[in-house]
**Q** 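Submitted below is the structure of interest, expressed as structure tokens.
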2 protein chains.
Amino acid sequence: MIVLDFRDKRPLNEQVAEKIMNLIAQGGLAPGERLPSVRNLAIDLSVNPNTVQRAYAALEEKGYITTITGRGNYVSDESNWKDSLYGEVLGELKETALRVRAAGVGKEEALKCVREVYERD
Amino acid sequence: MIVLDFRDKRPLNEQVAEKIMNLIAQGGLAPGERLPSVRNLAIDLSVNPNTVQRAYAALEEKGYITTITGRGNYVSDESNWKDSLYGEVLGELKETALRVRAAGVGKEEALKCVREVYERD
DNA sequence: TTAGTGTATTAAGACATTTAATACACTTAT
DNA sequence: ATAAGTGTATTAAATGTCTTAATACACTAA
């Protein structure tokens, strides 16, 4: 389901949260579907339960999942996170594009770079 | 000349290096121009000399500046860093685009976002 | 009642960043 | 030659974050 990169300098809890977020965003996890329990996912990823718990807490904070004590974590309805995700991600893209332009890269070259990413596999 | 964000979680030495790099890329610092000494910039930024030294070392490693022991640090000629800057900045764009795609944003919407940045003023 | 769930706390270790205090070699101007 | 300013290097300490570990508690479901 998820593979972590232990050599990456980014915190494990952030990696877990982002990978699950991406799975949800792409439909790999449907709304209403139950996520693995904190303890089970921790075992699967060879990570401490606290680390998974922090990832889940962040995901709930952003509206991607709903937590029910004693039962588990469930994927939220798309309406709860789609707008905020699009806004966040397009904001990042805009910032990066500004930096790319400031560095002197031409418009066509920048567009080509983005197109290539989308046309890969 | 430069203002650091001490609340930002990013390392100070990286912030210093990036801000100087941007100044150079945008012509705020001309080739041949001398940078502030390690000690003076450290005082200006309220930071330890070691931190500035690390920033300068990184900048020299990437070809943005040339260091002469006993004299100072000087902005390198554009030919020394233009390629590496393009590579770095396009790499960032690629990564961001991947994240945008993973979030479920469509190709046309992403391209439109980049186009808008380039067509602004 | 039992097992499985989320949650919370405290302690310890590992690690990166930053500061601090020096020291040394080099260059420039006097 | 001397002095001041430069880059560079080293070692130690302080700090903060991340992670693990070991528990404990409240809740839910079978």
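Chain naming here is simple, since letters A, B, ... match the order of the sequence lines and numbering starts at 1 in each.
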**Q** Rounded to the Å, how far apart are Arg34(A) CZ and dT28(D) P?
**A**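 The distance from CZ of Arg34(A) to P of dT28(D) comes to 15 Å, rounded to the nearest Å.
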**Q** Could you check how far CG of Asp5(B) sits from C1' of dT18(C), rounded to whole Å?
**A**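 My rounded result for the distance is 16 Å.
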**Q** Does OP1 or OP2 of dG6(C) have a side-chain N or O of Asn73(A) closer than 4.0 Å?
**A**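 Yes, because at least one side-chain N or O of Asn73(A) sits under 4.0 Å from OP1 or OP2 of dG6(C).
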**Q** Hey, could you give me each pair passing side chain to side chain donor-acceptor pair (under 3.5 Å) that has a residue in residues 112-121 of chain B? Not counting sequence neighbours.
**A**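 Checked against side chain to side chain donor-acceptor pair (under 3.5 Å) - neighbours excluded - the pairs reaching residues 112-121 of chain B are Lys107(A)-Glu119(B).
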**Q** Find the distance between NZ (Lys62(A)) and CG (Asn80(A)) and round it off to the nearest 0.5 Å.
**A**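 CG of Asn80(A) is found 15.0 Å from NZ of Lys62(A).
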**Q** Is a side-chain N or O of Tyr56(A) found less than 3.5 angstrom from the main chain of Ala17(A), in a donor-acceptor match?
**A**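 Side chain of Tyr56(A) to backbone of Ala17(A): no pair is present.
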**Q** Assess whether a salt bridge exists between Glu18(B) and Arg10(B), defined as any Lys/Arg side-chain N lying under 4.0 Å from an Asp/Glu carboxylate O.
**A**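 So Glu18(B) pairs with Arg10(B) through a salt bridge.
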**Q** What is the per-nucleotide protein-contact pattern of nucleotides 19-30 of chain C, from the 5' end, where B denotes a base atom under 4.0 Å from a protein heavy atom, S denotes such proximity for sugar-phosphate atoms only, and - denotes neither?
**A** BBB-B--BSS--
**Q** When you get a sec, tell me which of dT7(C), dG7(D), dC18(D) is the closest nucleotide to the side chain of Pro11(A)?
**A**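 Looking only at heavy atoms from C-beta outward on Pro11(A), the closest nucleotide is dC18(D).
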**Q** Tell me: CD1 of Ile65(B) to P of dT6(D), nearest whole Å?
**A**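 It is 15 Å, rounded to the nearest whole Å.
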**Q** I'd like to know if the side chain of Gln53(A) and the backbone of Asn50(A) have a donor-acceptor N/O pair within less than 3.5 Å.
**A**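 A pair under 3.5 Å: no.
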**Q** Quiz question: by atom type and distance under 3.5 Å, do the side chains of Thr51(B) and Asn13(B) form a donor-acceptor pair?
**A**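 Judged by distance alone, the side chains do not pair up.
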**Q** Reckon Ser37(A) has a side-chain N or O less than 4.0 Å from the OP1 or OP2 of dT5(C)?
**A**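 Yes.
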**Q** Leu41(B) CG to dG7(D) C1': how many Å, rounded?
**A**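 It works out to 14 Å between those atoms.
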**Q** Mind calculating the distance between CD (Gln15(A)) and P (dC18(D)) to the nearest angstrom?
**A**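 About 12 Å, once rounded to whole Å.
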**Q** Does a side-chain N or O of Asn13(B) approach OP1 or OP2 of dT18(C) to a distance below 4.0 Å, or not?
**A**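 Answer is yes, contact under 4.0 Å.
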**Q** In whole Å, I'd like the distance from the NZ atom of Lys9(A) to the C1' atom of dA16(C).
**A**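 That distance rounds to 10 Å.
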**Q** Leu59(A) CG to dT7(C) P: how many Å, rounded?
**A**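 That distance rounds to 12 Å.
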**Q** In this structure, how many angstroms lie between the P atom of dT7(C) and the CG atom of Leu35(A), rounded?
**A**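 From Leu35(A) CG to dT7(C) P: 12 Å.
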**Q** With respect to the phosphate group of dT17(C), does any side-chain polar atom (N or O) of Arg10(B) fall under 4.0 Å of OP1 or OP2?
**A**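 No, Arg10(B) has no side-chain N/O under 4.0 Å of OP1/OP2 on dT17(C).
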**Q** Do we see a donor-acceptor contact under 3.5 Å between the side chains of Asn22(A) and Arg99(B)?
**A**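 Not at all, the side chains of Asn22(A) and Arg99(B) share no donor-acceptor pair under 3.5 Å.
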**Q** Think Gln53(A) has a side-chain N or O under 4.0 angstrom from the OP1 or OP2 of dT7(C)?
**A**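 So the side chain of Gln53(A) is within the cut-off, an N or O lying under 4.0 Å from OP1 or OP2 of dT7(C).
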